[in-house]
Amino acid sequence: MIFDYQQKLIEIKSDLMDFYINSNNELENLNGFVSLINKLLKKHFLITNCIFFKWTDDLFEPVQNVDVDMNVSNIFSTSLQSHFKQQPLVPIPPTLKKEKGLEQMTHMLLLKIQDENPNGILIFQDSSQCHFFDNLEFVEEFVLLLSEVVRMKIESINIRLNELQYRKLYDIANLFHSTMDVDAILQNVLAIIKANFPNLKVELILSNNQDQKTKVDIKQFDYLSERATTIEAFLSGEMTSEHIPELSCYLLNAPIKGQQATYGILQVTVQSEYIITASEREFIQVLAQASGNALENAKLYHQSSRLISDLQLINETSHRLNMRLDIDEMLLFLQKQLIKSFKPMELCFVFKENEQFAITSACTDIFKTTQGSMYVQHVEKHFSHSQDPLFIADFRRIIENQHIEFRSIMAIPMIVEERINGFSIVMHSEPYFFSFDSFKLMQSLIHHSSLAIANSKLRYQLQEMVDKDHLTGLYARSYLDHFVEKSLQEDSSGMFLLIDIDNFKHINDTFGHQVGDNILKQIGVQLQLVVRGRGICARWGGEEMSVYIPNICNKEALLVAEMLVQSIPNVTEPRVTISAGLITWGEEDKPEFQSLFLHADTALYSAKNSGKNQFCIFHHSMQLQH
């Protein structure tokens, strides 16, 4: 039988062109096109058992035929191409026939155009009914035809796939530039990898200096546990790969890198038999770089927002603290600011008085217990030899063999004129709860507050010096005047007791003025013990003192006056007595401000003239004395 080789080539070429044109919708992969090739081989060469292996990066990878159920492994290129030498069609080597799925195969056809890389290999079972492959010239021309069509088809598919991939990269880049949500960025990185490469296992490994909390399942970068290639990619900013025989897998590390730093690694893991192509590597690298830039932009945005918020907080705090608040109001305001900014579980302010640290009222309850004092003592010990602020990420690493409930601690000293006047502590039970940015912000807040608090304490001390008598510790006459005048306007009743020490000049002349001063101090202490917090005690002048109690009935006023007159001789050394004038008032008989003192003075004069060591109650039948 005479075979018309040229006619057969024309028919094959016509069918190949039809297959190529009609398969333009099969753009996702080669599967459909390979099915058409198989039909062509069956039609023209009566070949019914054929497998096409696509060449990819020094590896021949089987392409799934949609019409055939097969399970065939990859074939390494170097070991296979050596069998062809100068022949495009050769018998299958015995070693290859042992591979699963190739037991019945007889021949291999190398699809290659001159010196280019091969497009693939057809491994098939030859039909004894067809003799076209006996003609070498026909085979060479057929190989060129088929190779050209396969190459064109592979190129068109690759172009289309690249176009789709880069369109997705363009879309994801637009998304990255339109959001500052770290979670959205990370979620989309994982989603796009899984959508494009379902066979790849993807893991995000982020450095632990990320101050943005995320809900995405990520892994913290750990120098002690990561593989050397992963660390190399993180440090160099270049993609690395590694074959891990013991795990039968291949590892690809793409750095998530911005303009300023590397923020983590996009790690891809595949089984050893899967080959990551150059285009896939490029796609993963571009995606990692895009996500790195997006993370950096989000980080800078959040840093800027936080910086503005911090500056506003510092400005607000400084403004409020310079409003001449008293020390308790200042500490209460600072306490609210620290709780709002850092969300600690426990907080405390400690001031230094007479070279000793003492906690203030602006403290949570834990610091009033033995457990709380342990934290204060540790901070005190630190500030006894250093003025540096204290940042403890995990207190359990410092204090061993003890039950440590609060592991995160920040303690900032209050320094004025290079001396520590006190410190503030915030604590939380979780380790590493406070960020370093929080630490710096708290330093700034306390630094701006320290001078205001010191000034408030100085104002308080100065005002106390003005308001109180330095010898007896009782209030001064000016403070008493203001207190009484306000009480007459606001309260419904009151009593005023004017006191004079009997024969005080004789005490000074006999025992000296130092003893006289001690007696004044002793009487001052007794007045405060009797009156307590119900009213105020003041030094009227010289040996005269006074007591004013608002909102008190006549009966109670008499008891107070009587108790004072009776108790003074028992608490003074040498023993002295007092005389006193008492005036009481109610809602219906409020006296004038100046009249109150004048009436008390008149009653005191009456007590002196009546034998001393007693008190008299003012009534209008008394002659007014000046």
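We're numbering straight along the sequence, starting at 1.
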Inset, instruction - Flag the pair V268 / I284 as yes when at least one side-chain heavy-atom distance between them is below 4.5 Å, and no otherwise. - result: yes
Legend entry - T364 side chain vs L347 backbone, donor-acceptor pair below 3.5 Å: yes
Legend entry - R407 side-chain N/O to A393 backbone N/O, donor-acceptor pair under 3.5 Å: no
Legend entry - Stepwise side-chain contact (heavy atoms from CB on, under 4.5 Å) test for I366 and Q371: CA-CA 7 Å; I366 186 67; Q371 181 188 0; 3.4 Å; yes
Inset, instruction - Kindly indicate, with the supporting measurements, whether the criterion side chain to side chain donor-acceptor pair (under 3.5 Å) is fulfilled by S241 and Y250. - result: CA-CA 7 Å; S241 58; Y250 184 82; 3.2 Å; yes
Inset, instruction - Mind telling me whether Y375 and F395 have parallel, tilted or perpendicular rings, with 30° and 60° as the class edges? - result: tilted
Inset, instruction - Compute whether any side-chain donor of one residue and acceptor of the other, for T106 and Q125, lie under 3.5 angstrom apart. - result: no
Inset, instruction - May I have the step-by-step check of side chain to side chain donor-acceptor pair (under 3.5 Å) for T230 and Q267, ending in yes or no? - result: CA-CA 8 Å; T230 306; Q267 189 175 83; 3.1 Å; yes
Inset, instruction - Kindly give the heavy-atom pair with the smallest separation between F234 and G264, and that separation in Å. - result: CE1-N, 3.8 Å
Inset, instruction - Just say parallel, tilted or perpendicular for the rings of F142 and F45, cut-offs at 30° and 60°. - result: perpendicular
Inset, instruction - Examine distances only and state if a side-chain atom of H382 and a backbone atom of D388 form a donor-acceptor pair shorter than 3.5 Å. - result: yes
Legend entry - Backbone N/O of L145 and side chain of K13: donor-acceptor pair under 3.5 Å: no
Inset, instruction - Could you tell me whether the side chain of K54 and the main chain of E61 form a donor-acceptor pair under 3.5 Å? - result: no
Legend entry - Heavy-atom closest contact (P88 atom, E140 atom, distance): CG-CG, 4.2 Å
Inset, instruction - Report yes or no: does S147 contribute a side-chain atom to a donor-acceptor pair with the main-chain N or O of I113 at less than 3.5 Å? - result: no
Inset, instruction - First locate atom CG of L146, then atom CG of L122, and finally report the distance between them rounded to the nearest 0.5 Å. - result: 6.0 Å
Inset, instruction - Compare all side-chain heavy atoms of I409 with those of F391 and state whether any distance is below 4.5 angstrom. - result: no
Legend entry - Pairwise side-chain contact, L9 with Q6, heavy-atom cut-off 4.5 Å (strictly under): yes
Legend entry - Mutual orientation of the aromatic rings belonging to F434 and H428 [parallel < 30°, tilted 30-60°, perpendicular > 60°]: perpendicular
Inset, instruction - Look at E242 together with R227 and state whether they make a salt bridge at an N to O cut-off of under 4.0 Å. - result: yes
Inset, instruction - Look only at the side chain of S14 and the backbone of I10, and say whether a donor-acceptor pair between them is shorter than 3.5 Å. - result: no
Inset, instruction - Go through the side-chain N and O atoms of E430 and S408 and say whether any donor and acceptor fall under 3.5 Å apart. - result: no
Inset, instruction - Under the side-chain contact (heavy atoms from CB on, under 4.5 Å) rule, what do K98 and E103 come out as? Steps first, then yes or no, please. - result: CA-CA 6 Å; K98 297 179 181 178; E103 297 89 349; over 6 Å; no
Legend entry - Close side-chain approach of E226 and I205, heavy atoms under 4.5 Å: yes
Inset, instruction - May I have the step-by-step check of side-chain contact (heavy atoms from CB on, under 4.5 Å) for M374 and I404, ending in yes or no? - result: CA-CA 10 Å; M374 176 189 66; I404 302 299; 3.7 Å; yes
Inset, instruction - Check the pair L96 / I123 against side-chain contact (heavy atoms from CB on, under 4.5 Å), numbers first and verdict last. - result: CA-CA 10 Å; L96 197 57; I123 299 182; 3.9 Å; yes
Legend entry - Closest heavy-atom pair and its distance - C50, N38: O-ND2, 3.7 Å
